[in-house]
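Throughout, protein chains are lettered first and strands after them, A, B, ... in sequence-line order, and every chain is numbered starting at 1. Owing to the predicted nature of the structure, the values given are computational and were not obtained by experimental measurement.
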Amino acid sequence: MLVIFLKNIINNEIRRIWPKIDMPDFFVERLELSGYGDYYSNVAFVVSKELGSAPSVVALDLAREVQRYNCIEKIEVADPGFFNIYVDEEILNGLIPVVLAKNVEYGSRAMKGKRVLIEFVSANPTGPLHIGHARSAFLGDVLSRLLKKVGYEVSKEYYINDFGNQVEILANSIYKEYCALHGVEFSVDEEYSGGYIKEIAKEMAKKEGSRWTSCEYLPHFIEVGVLKNLDRIKKDLRGMHIEFDSWFSESELYEKGIVEEVMNIYRSKNLLYEANRSKEGGEAIRRDGSKSNEFSFRKEGGLFLQTSKYGDVEDRVVRRKNGTSVYLLADIAYHMEKFKRGFDSILNLWGADHAGHVGRLRAGIRALGLDDSKLEFILVQMVKLMKEGKDIKISKRAGSIIELQELVREIGEGASRILFMHRSPNSQFVFDIEKMKEGSVNNPVCYFSYGLKRMYALVEKSSYNGFFFNRSNYRLLREERELLKKVSIYHSVLEVAANLKEPHRILFYCQDLISAFHSYFSRYRNNDKILSADREKSKIRVGLIISLKIIVESSLQVLGIRV
RNA sequence: GCUCUCAUAGCUCAGAUGGAUAGAGCAUUGGUUUCCUAAACCAAGGGUCAUAGGUUCGAAUCCUAUUGAGAGCGCCA
């Protein structure tokens, strides 16, 4: 807020002094205790490029004018053109009543009238959520909260892959166990193993007897298997306070004819051709272990879409020779459906292992004549699991998964959120299970809640009556100035985090704020008490502490952390 | 072979838009509590920002090359 205010002042003066230049894109940011002032701007560097004169000259010219504002104590210009702003104390004090008035709504922006669809998790309904899904789950949830906070209308969606090979493997895996329970042998090529498969089989055997051992079982087992896993996923998510607005089923895309609609559009645009191999693909060099080599026997030719015309590296098959559709086609249909619903922005949180899929989906969307700039992908890097220094592989087939719910139960939801929100989405993540357990002893949530507890204690002890006035002769302490400066950048922190889709910035900010408070508290608790008989002093200080409390609570709300 | 992501303290990680002395937590060492209670604070040590060039007033950040790590290069979803 204050930062924006300062920016506006500088903007005004630039327009007055150099009316002819284009409004430059500069920033104002808070400075740590450094002897260089309260805020710093790069404005002189940017403007000097525009004017062709030296930054220090520009800075001095600008400083002379900006200095005249009451809220500016002084401007210092340092070589080669740093523009250092010292603000008047009144302006910092003035933040307190604003924060108090807005309470936890502080930092929220008015609705922008923009609708965002965010799709995340979307784990296949072939097993429970595991640690590999955690990052996408928490990131998506927090991002939704953040986008809402800064004024977007947000819809959260989960895409259910309830069609095709994977769910057939699921059904067969359950069926195998089901048959075994009735003493019938049934063998499968690929299967999922794990307790949950046996449980579903057991339940079906109990409820439905042996009637499926000798008839067409597949559709029924797919249906039940998907349903059971989905129930479980929904329950786990709810347990972590992650709620979705909609659940979109892949098989409905077929049932409702949306896939066919896409095919018709392509057909009418003459973008399809029958072939054994992609025209552009040629003989791509693949590494030996490439799955493309491994599965080359499955390439039998079919109907290709000319995605290479729309930015993809090669054309892609969309319908196999046997007439069945490929996953990509359904995904294009799904995204066309998203576009139809009229969102201004369509966000997809995908695992980095789907990175290769982005280009062809984009191409497919462009081929439909849709504006793919509305489509944004956030690729979440994989989590590398370690235990006692050794790698662990997550595999549903081998049944070696660590359930997400297990983690949350073990260390708590708040700590889990912090764990996954404590790094930027595109950093690789080494997750050591032993260390995680150590971490639970030293739980960062405690740091937050203890900070809040101290704030509450102070407020309760004071005779704060909900009434605040900022006229006062009290001079802020250095620490109090710094705290208020931190308060002043809350809006920018939210804005940057939202723009870059990097909510971890809020966590770091919040942690920094609390740490500064703890430091302040410890320093003055014994001598020169924070609360004293000096009513004016106490009043300002209580106001400051309530402001901090509000910002911490607001940040935690965005992060979905309950303390 | 090609594409994407990444490499910062002993460990786990922050450092958007190039800015002043590169930060935090954990770990290590030492210190601090007559309740606004220490789940905290203070202090110290710890760095060739992977390497080598380049761009410029100025680079952890941008460009090029090299090395190393992860992911992808399926008519699986």
Side-chain angles (χ1 to χ4, degrees), chain A residues 25-27 31-32 34-36 40 42 45 48 54-56 78-82 84 122 124 126 161-167 169 190 250 284-287 290-304 313-314 316-322 324-328 330-331 351-359 379 381-382 384 419 422-424 426-432 435 438-439 442-451 453-455 457-462 496-497 499-500 502 504-505 507-508 511-512 515 518-526 529-531 545:
Chain A
D25 189 21
F26 62 94
F27 62 74
L31 283 171
E32 294 284 345
S34 58
Y36 290 125
Y40 146 76
N42 67 340
F45 295 111
S48 73
S56 57
D79 279 336
F82 293 112
N84 297 326
S122 298
N124 287 347
T126 52
N161 297 119
D162 54 358
F163 186 90
N165 211 2
Q166 314 262 11
V167 287
I169 296 173
E190 290 178 275
E250 181 184 3
I285 301 163
R286 316 264 197 209
R287 74 183 140 78
S290 156
K291 300 215 169 128
S292 180
N293 284 339
E294 203 177 317
F295 290 95
S296 60
F297 64 93
R298 286 192 190 164
K299 293 184 176 179
E300 291 160 354
L303 212 48
F304 280 79
V313 288
E314 60 180 329
R316 306 286 170 178
V317 75
V318 288
R319 190 151 281 176
R320 300 178 192 100
K321 204 159 199 172
N322 65 12
T324 56
S325 297
V326 170
Y327 171 73
L328 173 65
D331 217 16
D353 55 340
H354 283 64
H357 197 70
V358 173
L379 297 179
Q381 289 298 312
M382 301 281 97
K384 189 183 177 188
L419 187 68
H422 209 83
R423 49 210 86 211
S424 80
N426 53 2
S427 72
Q428 276 161 37
F429 191 156
V430 181
F431 187 99
D432 195 302
K435 289 224 171 112
E438 273 171 38
N442 214 325
N443 192 330
V445 178
C446 297
Y447 194 71
F448 291 92
S449 65
Y450 187 54
K453 196 179 139 196
R454 279 182 156 176
M455 292 175 194
L458 282 173
V459 176
E460 267 167 38
K461 185 157 184 189
S462 76
V496 171
N499 286 347
L500 300 175
E502 292 181 347
H504 71 278
R505 289 165 185 274
L507 182 62
F508 281 93
Q511 216 154 11
D512 179 61
S515 152
H518 273 310
S519 177
Y520 167 64
F521 180 91
S522 305
R523 181 157 181 167
Y524 292 101
R525 51 194 279 221
N526 292 328
K529 301 267 183 186
I530 291 173
L531 301 176
I545 285 155

Q) According to a strict under-4.0 Å criterion, is A/Y520 in side-chain N/O contact with OP1 or OP2 of B/C42? A) no

**Q.** Side chain of A/N42 - closest among B/A38, B/G19, B/A14
**A.** B/G19

Q: Could you say whether A/A457 or A/R319 is positioned toward the 5' end of RNA chain B, judged by the nucleotide with the nearest heavy atom to each?
A: A/A457

Q: Grab the NE2-P distance between A/H354 and B/G72 for me, whole Å please.
A: 10 Å

Q) Is RNA chain B part of any stem, that is, at least 3 consecutive Watson-Crick or G-U pairs with both distances under 3.5 Å, and where? A) B:1-7 with B:67-73, B:10-13 with B:23-26, B:28-32 with B:40-44, B:50-54 with B:62-66

Q. Can you check whether A/N165 reaches A/Y327 side chain to side chain, under 4.5 Å on heavy atoms?
A. no

Q: Looking only at side-chain atoms of A/Y40, point me to the closest of B/A20, B/C41, B/U33.
A: B/A20

Q.
Is A/H518 close enough to B/C42 that one of its side-chain N or O atoms is under 4.0 Å from OP1 or OP2 there?
A. no

Q. Closest to the A/F45 side chain: B/C41, B/C76, B/G19?
A. B/G19

Q) So does A/R454 get a side-chain nitrogen or oxygen closer than 4.0 Å to the phosphate oxygens (OP1/OP2) of B/A39? A) no

Q: Please tell me which of the listed nucleotides, B/G15, B/U17, B/U37, lies nearest to the side chain of A/F521?
A: B/U37

**Q.** Value in whole Å for how far the C1' atom of B/G15 lies from CG of A/L31
**A.** 15 Å

Q | Test item: A/N84 side-chain N/O and A/Y40 main-chain N/O as donor-acceptor pair under 3.5 Å | A | no

(Q) Does a side-chain N or O of A/S519 approach OP1 or OP2 of B/A40 to a distance below 4.0 Å, or not? (A) no

Q: Nearest whole angstrom, please: distance from the P of B/U56 to the CG of A/D79.
A: 20 Å

Q: Please state whether the base of B/A20 and the side chain of A/N84 form at least one donor-acceptor pair under 3.5 Å?
A: yes

Q | Parallel, tilted or perpendicular, as decided by the 30° and 60° cut-offs, for the rings of A/F82 and A/F45 | A | perpendicular

Q. With side chains defined as the heavy atoms from C-beta onward, is the minimum distance between A/R320 and A/V326 less than 4.5 Å?
A. yes

**Q.** Non-hydrogen side-chain atoms of A/H422 and A/Q511 separated by less than 4.5 Å
**A.** yes

**Q.** Nucleotide of B/C57, B/A20, B/A40 approaching A/P80 most closely (side-chain heavy atoms)
**A.** B/C57

Q.
Is it true that, when you exclude A/N499 itself, more than 12 heavy atoms of the residues, nucleotides or ligands shown sit nearer than 6.0 Å to its CG?
A. yes

Q) The side chain of A/V496 lies closest to which of these nucleotides: B/A77, B/A16, B/A40? A) B/A16

Q. Got A/R454 and A/S522 here, is their nearest side-chain heavy-atom distance under 4.5 Å?
A. yes

Tabulate protein N/O versus nucleotide N/O from nucleotides 4-8 of chain B, keeping only pairs under 3.5 Å, one per line.
| residue | atom | partner | partner atom | Å |
| --- | --- | --- | --- | --- |
| B/U5 | O2' | A/Q381 | NE2 | 3.1 |
| B/U5 | O2' | A/N426 | O | 3.2 |
| B/U5 | O2 | A/Q428 | NE2 | 3.1 |
| B/C6 | OP1 | A/N426 | ND2 | 3.0 |

**Q.** Rounded distance (Å) that lies between atom C1' of B/G72 and atom CD of A/E314
**A.** 13 Å

Q | Whole angstrom value for the distance that separates P of B/C35 from CD of A/E460 | A | 18 Å

Q) Quick one: is A/Y450 getting a side-chain N or O under 4.0 Å of the B/A38 phosphate, OP1 or OP2? A) yes

Q: In whole angstrom, give the distance that lies between atom CD of A/Q511 and atom P of B/C26.
A: 9 Å

Q) Starting at NZ of A/K453 and ending at C1' of B/A39, how long is that distance when rounded to a whole Å? A) 8 Å

Q: Can you measure from CZ (A/R505) to CG (A/L500) and round to the nearest 0.5 angstrom?
A: 5.0 Å

Q | Pairwise side-chain contact, A/T126 with A/I169, heavy-atom cut-off 4.5 Å (strictly under) | A | no

Q.
Looking at A/N161 and A/N124, would you say the former's side chain and the latter's main chain have a donor-acceptor pair under 3.5 Å?
A. no

Q: Could you pick out which residue, A/R505 or A/R423, lies toward the 5' side of RNA chain B when each is mapped onto its nearest nucleotide?
A: A/R423

Q. Expressed in angstrom and rounded to an integer, what is the separation of A/R523 atom CZ from B/A43 atom C1'?
A. 13 Å

